[in-house]
2 protein chains.
Amino acid sequence: MPERKPRKDAVRNRQAVLEAADALFARDESPEGVTLAAVAAAAGVGKGTLFRAFGDRPGLLRALYEARLDPVREAVETGPPPLGPATPPRQRVPALLDTLLCFKLDNRPLMLALEEGGSSSPYQADHYARWHGLLATVLRQIPGLADSDFTAHALLAAIRADLVEHLAGHECVPRERMREQLADFTAGVLDSGPARPGERRVIRGRGAGE
Amino acid sequence: MPERKPRKDAVRNRQAVLEAADALFARDESPEGVTLAAVAAAAGVGKGTLFRAFGDRPGLLRALYEARLDPVREAVETGPPPLGPATPPRQRVPALLDTLLCFKLDNRPLMLALEEGGSSSPYQADHYARWHGLLATVLRQIPGLADSDFTAHALLAAIRADLVEHLAGHECVPRERMREQLADFTAGVLDSGPARPGERRVIRGRGAGE
DNA sequence: TAACGATACGGACCCCGGGTCCGTTTAGCA
DNA sequence: TGCTAAACGGACCCGGGGTCCGTATCGTTA
């Protein structure tokens with residue numbers, strides 16, 4: 001793979017676009033309102049340049065996300081407890097979720113655009129697959145938990161960008177409050193322990209079709 | 001409020017559009033692909049008619065949703081246990097969630113379009129507010145639960161249309177399996193019981209800013 | 001039943017945003 | 001300094017939501 005180095009102006013422009021996008025997303029609260037033409041203009045660059053550098057809207061969002069996420073990812077992959085791999089699962093799960101929540105709180109417009117802006121399901125995005133995979137793996141190491149895959153999905157759903165935005169933005173729930181609520185909720189899920197045998201809850205029909 | 005009766009052709013056309021939309025959403029799996037022009041054409045009606053009858057895309061979706069939901073709503077509001085108001089909270093919560101899940105499974109494309117299609121947050125929609133309000137109210141009657149509002153949000157998030165679609169459509173999780181998973185998850189949340197005093201879980205920093 | 005106002009119809013039209021194309025410019029190498 | 005490959009940029013295209021208004025239809029009154 002030769003992978004010849006890109007031209008200087010290319011990297012400069014790429015950077016300019018990244019910064020302009022960052023600024024625009026931070027300023028406008030509605031990510032839908034941020035147009036790619038506007039980003040290009042703010043970066044002092046033509047639309048063509050922007051699209052060549054990032055492919056399409058999701059591509060730009062992804063690039064922005066990766067850049068911001070980098071320190072977090074490192075802390076998760078190789079850092080010390082309570083985030084790093086050495087942490088016992090029962091502690092690591094809430095730490096991961098809390099970190100993700102804080103990240104989303106710190107990058108509300110971006111995360112909103114990333115997760116919910118696209119026309120295709122956020123569950124296709126591979127950043128989601130990564131988090132889900134990690135979380136499910138850690139959950140699997142906690143004995144007595146029902147279905148790690150589903151549990152991971154459900155826990156991640158509790159901190160979806162638009163829910164976070166709704167709580168923080170519209171209902172004005174303060175940061176620390178949300179963190180507590182999430183922690184309590186997570187603890188509830190994790191503590192539910194091995195379902196005492198024989199106490200399976202029957203849900204009883206009314207399933208609107210079958 | 002006189003509220004004079006609408007003309008016959010108006011109600012006929014309205015009905016035709018509703019049915020055409022129903023059919024189109026059922027056929028195409030991707031709700032994004034269903035264009036309002038296509039719906040109008042399928043109904044044998046001009047776009048103008050469609051927009052006069054329903055206002056805009058969300059309006060049409062809402063109308064479709066209300067129509068389908070009607071029996072469920074009735075069962076919830078005035079029906080017998082385990083859905084109706086007479087049910088003890090601990091049983092009613094899982095019953096409500098299971099019902100909602102089944103409803104979403106039975107109306108996947110529609111619910112997908114309704115919840116995630118719009119450019120604005122699904123948390124603004126008042127159908128969400130209704131479900132959340134009901135669920136939170138019931139949760140509040142269960143002693144020892146941390147935060148009913150947040151818990152309601154989180155439980156509803158676990159059955160968001162796009163997650164349901166992802167599991168049912170892409171990961172091919174069968175209906176009964178999903179119902180079980182949801183039931184187990186819900187039970188875990190509900191059983192977590194009154195947090196033993198003094199055992200508050202500290203999440204310890206790493207909150208990406210503060 | 002004829003005539004007339006109110007109501008509804010329908011599709012051409014507008015707007016806007018994502019994405020493309022290609023003639024022009026520029027970096028970087030010899 | 002000259003040459004080529006790479007990058008630039010903005011005019012352009014496309015498709016979908018939503019509007020407008022001249023025309024057709026309803027249904028009511030005489």
Side-chain angles (χ1 to χ4, degrees), chain A residues 1-21 24-25 28 30-64 109 112-114 116-120 124-125, chain B residues 1-21 24-25 28 30-64 109 112-114 116-120 124-125:
Chain A
M1 46 166 279
E3 194 72 18
R4 46 207 307 169
K5 58 176 63 173
R7 261 166 53 171
K8 284 231 191 73
D9 52 351
V11 310
R12 184 167 34 76
N13 281 331
R14 183 187 170 88
Q15 197 54 32
V17 168
L18 237 25
E19 279 162 22
L24 283 196
F25 278 117
D28 292 28
S30 166
E32 303 299 320
V34 178
T35 222
L36 288 207
V39 173
V45 150
K47 281 178 65 178
T49 302
L50 189 157
F51 279 98
R52 197 168 332 94
F54 298 99
D56 52 11
R57 196 173 215 273
L60 172 58
L61 272 332
R62 256 192 319 262
L64 235 36
L112 206 49
L114 213 221
E116 322 294 338
S119 58
S120 79
Q124 310 285 12
Chain B
M1 45 165 279
E3 193 71 19
R4 45 210 307 170
K5 57 177 61 172
R7 259 165 56 169
K8 284 230 193 74
D9 51 351
V11 309
R12 181 167 36 76
N13 281 332
R14 183 187 169 88
Q15 197 55 30
V17 168
L18 236 26
E19 280 163 22
L24 284 197
F25 278 118
D28 293 27
S30 166
E32 302 299 321
V34 178
T35 199
L36 289 206
V39 172
V45 150
K47 281 178 66 179
T49 302
L50 189 157
F51 278 98
R52 198 169 330 96
F54 298 99
D56 53 9
R57 196 173 215 271
L60 173 58
L61 272 332
R62 254 190 324 259
L64 235 36
L112 206 49
L114 213 222
E116 321 295 338
S119 58
S120 79
Q124 309 287 12

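Reminder, nothing fancy here: chain letters follow the sequence lines and each chain counts from 1.
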Participant: Can you pull every protein N or O that's under 3.5 Å from an N or O on nucleotides 15-22 of chain D?
Facilitator:
unit_1, atom_1, unit_2, atom_2, d
dG17(D), OP1, Arg57(B), NE, 2.9
dG17(D), OP2, Thr35(B), OG1, 2.9
dG17(D), OP2, Leu36(B), N, 3.1
dG18(D), OP2, Arg57(B), N, 3.0
dG18(D), N7, Lys47(B), NZ, 2.9
dG18(D), O6, Lys47(B), NZ, 2.1

Participant: Using every non-hydrogen atom in the two residues, find where Arg14(A) and Ala63(A) come nearest and quote the distance to one decimal.
Facilitator: NH2-CB, 4.2 Å
Participant: Taking atom C1' of dA6(D) as reference, at what distance in whole Å does atom CZ of Arg14(A) sit?
Facilitator: 16 Å
Participant: Starting the side chain at C-beta, find the nucleotide from dA27(C), dC9(C), dA7(D) nearest to Pro6(A).
Facilitator: dA7(D)
Participant: Could you give the distance from CG (Leu64(A)) to CD (Glu19(A)), rounded to the nearest 0.5 Å?
Facilitator: 10.5 Å
Participant: If I take atom CZ in residue Phe54(B) and atom P in nucleotide dA8(C), what distance separates them, rounded to the nearest angstrom?
Facilitator: 13 Å
Participant: Please state how far atom NZ in Lys5(B) lies from atom P in dA6(C), giving the value in whole angstrom units.
Facilitator: 19 Å
Participant: Using atom CZ of Arg7(B) as one end and atom P of dC26(D) as the other, report the distance to the nearest whole Å.
Facilitator: 7 Å
Participant: Please report the closest heavy-atom contact between Pro31(A) and Ala113(A), naming both atoms and the distance.
Facilitator: CB-CB, 3.5 Å
Participant: Which atom names give the shortest non-hydrogen contact between Glu32(B) and Gly117(B), and what distance separates them?
Facilitator: OE2-CA, 3.6 Å
Participant: If you define the side chain from C-beta out and look only at heavy atoms, does anything of Phe25(A) sit under 4.5 Å from Leu112(A)?
Facilitator: no
Participant: Establish, with yes or no, whether the OP1 or OP2 oxygen of dA7(D) is under 4.0 angstrom from a side-chain nitrogen or oxygen of Thr49(A).
Facilitator: no
Participant: What I'd like to find out is whether the side chain of Leu18(B) reaches to under 4.5 Å of the side chain of Phe54(B), using heavy atoms alone.
Facilitator: yes
Participant: Among dC9(C), dC26(D), dT26(C), which nucleotide has an atom closest to any side-chain atom of Asn13(B)?
Facilitator: dC9(C)
Participant: When the distance from CD of Gln15(B) to C1' of dC9(C) is rounded to whole Å, what number comes out?
Facilitator: 18 Å
Participant: Within this structure, what is the CG-to-P distance between Leu50(A) and dA11(D), rounded to whole angstrom?
Facilitator: 17 Å
Participant: Would you kindly give the CG-to-C1' distance between Asp9(B) and dT7(C), to the nearest whole Å?
Facilitator: 8 Å
